[in-house]
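A short write-up of the structure that comes next.
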Amino acid sequence: QVQLVESGGGLVQAGGSLRLSCAASGRTVSTYTMAWFRQAPGKEREFVAAIRRSGSTYYTDSVKGRFTISRDNAKDTVYLQMNSLKPEDTAVYYCAADRSLAYYSSTYYTQPSVYDYWGRGTQVTVSS
């Protein structure tokens with residue numbers, strides 16, 4: 001079993017930056033595809049970014065050029081660097097892990113249902 005714990009959320013002004021971390025425990029996640037999702041009040045959970053074990057990355061269009069996902073396999077930790085934050089980025093951010101070793105299209109990784117493990121989330125609030 002894998003446990004994921006997010007940290008780094010908080011309150012920031014528009015234009016500011018935050019760095020989220022997701023620490024995994026229970027077993028190594030170095031071969032897993034890791035992702036960040038977010039959910040704003042009254043909205044469905046939406047894909048933000050994913051990183052494969054190869055290092056390939058994928059982003060939703062609204063965060064391209066502003067957010068960067070990365071991983072440190074030695075620490076079993078995934079990061080989400082968020083720059084130029086906007087009020088519409090306000091949400092609870094969740095870390096997720098897909099244990100499958102198969103390779104799929106980028107669209108596959110945007111679906112919450114494919115992920116096997118989830119963290120409890122960290123709140124990000126961007127004030128205008």
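In this text the structure is predicted, and so the values were computed from the model without any measurement.
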Handout entry: Polar contact flag, side-chain donor to acceptor under 3.5 angstrom, R120-Y94
Key = no
Problem - Short side-chain to backbone donor-acceptor contact, Y59 and G65, under 3.5 Å - result: no
Problem - Distance, nearest 0.5 Å, that separates CE of M82 from CZ of F67 - result: 5.0 Å
Handout entry: Donor-acceptor under 3.5 Å (E6 side chain, C95 main chain)
Key = yes
Completion exercise
dist D98:CG -> S113:OG (nearest 0.5 Å) comes out at 10.0 Å
Fill in the blank from the handout: Here the pair of heavy atoms bringing Y32 nearest to A97 is CD2-CB, 3.9 Å
Handout entry: Side chains of T122 and R38 in contact at under 4.5 Å (non-hydrogen atoms)
Key = no
Handout entry: Donor-acceptor contact below 3.5 Å, side chain Q39 vs main chain A91
Key = no
Problem - Closest non-hydrogen atom pair, L80 against A49 - result: CD1-CB, 4.3 Å
Practice task
Examine F47 together with W36 and report whether their ring centres are nearer than 6.0 Å.
Solution key: no
Practice task
Could you check whether the rings of Y109 and Y58 sit parallel, tilted or perpendicular, using 30° and 60° as the cut-offs?
Solution key: parallel
Handout entry: Closest heavy-atom pair and its distance - L4, V2
Key = CD2-CG1, 3.8 Å
Exercise for the section: Return the set of residues passing salt bridge (Lys or Arg N to Asp or Glu O under 4.0 Å) with D76 (not counting sequence neighbours), or none when no residue passes. Expected result: none
Fill in the blank from the handout: By salt bridge (Lys or Arg N to Asp or Glu O under 4.0 Å), R71 pairs with (sequence neighbours left out) none
Problem - Shortest non-hydrogen contact from S21 toward T77 - result: CB-CG2, 4.4 Å
Problem - Option from P87, S127, S128 for which side-chain contact (heavy atoms from CB on, under 4.5 Å) with Q13 holds - result: S127
Practice task
Could you tell me whether a side-chain N or O of T90 sits under 3.5 Å from a main-chain N or O of T125, the two making a donor and an acceptor?
Solution key: no
Handout entry: Atom pair NZ (K64) and CZ (R66), whose distance is rounded to the nearest 0.5 Å
Key = 13.0 Å
Exercise for the section: Look at D89 together with K86 and state whether they make a salt bridge at an N to O cut-off of under 4.0 Å. Expected result: no
Handout entry: Test item: S56 side-chain N/O and S54 main-chain N/O as donor-acceptor pair under 3.5 Å
Key = no
Problem - Distance-minimising heavy-atom pair for K75 and Y79 - result: CD-OH, 4.1 Å
Handout entry: Student check: side-chain heavy atoms of R53 and Y103 closer than 4.5 Å
Key = yes
Completion exercise
G121 and V92 have their tightest heavy-atom pair at CA-CG1, 3.8 Å
Exercise for the section: Compare all side-chain heavy atoms of S70 with those of Q81 and state whether any distance is below 4.5 angstrom. Expected result: no
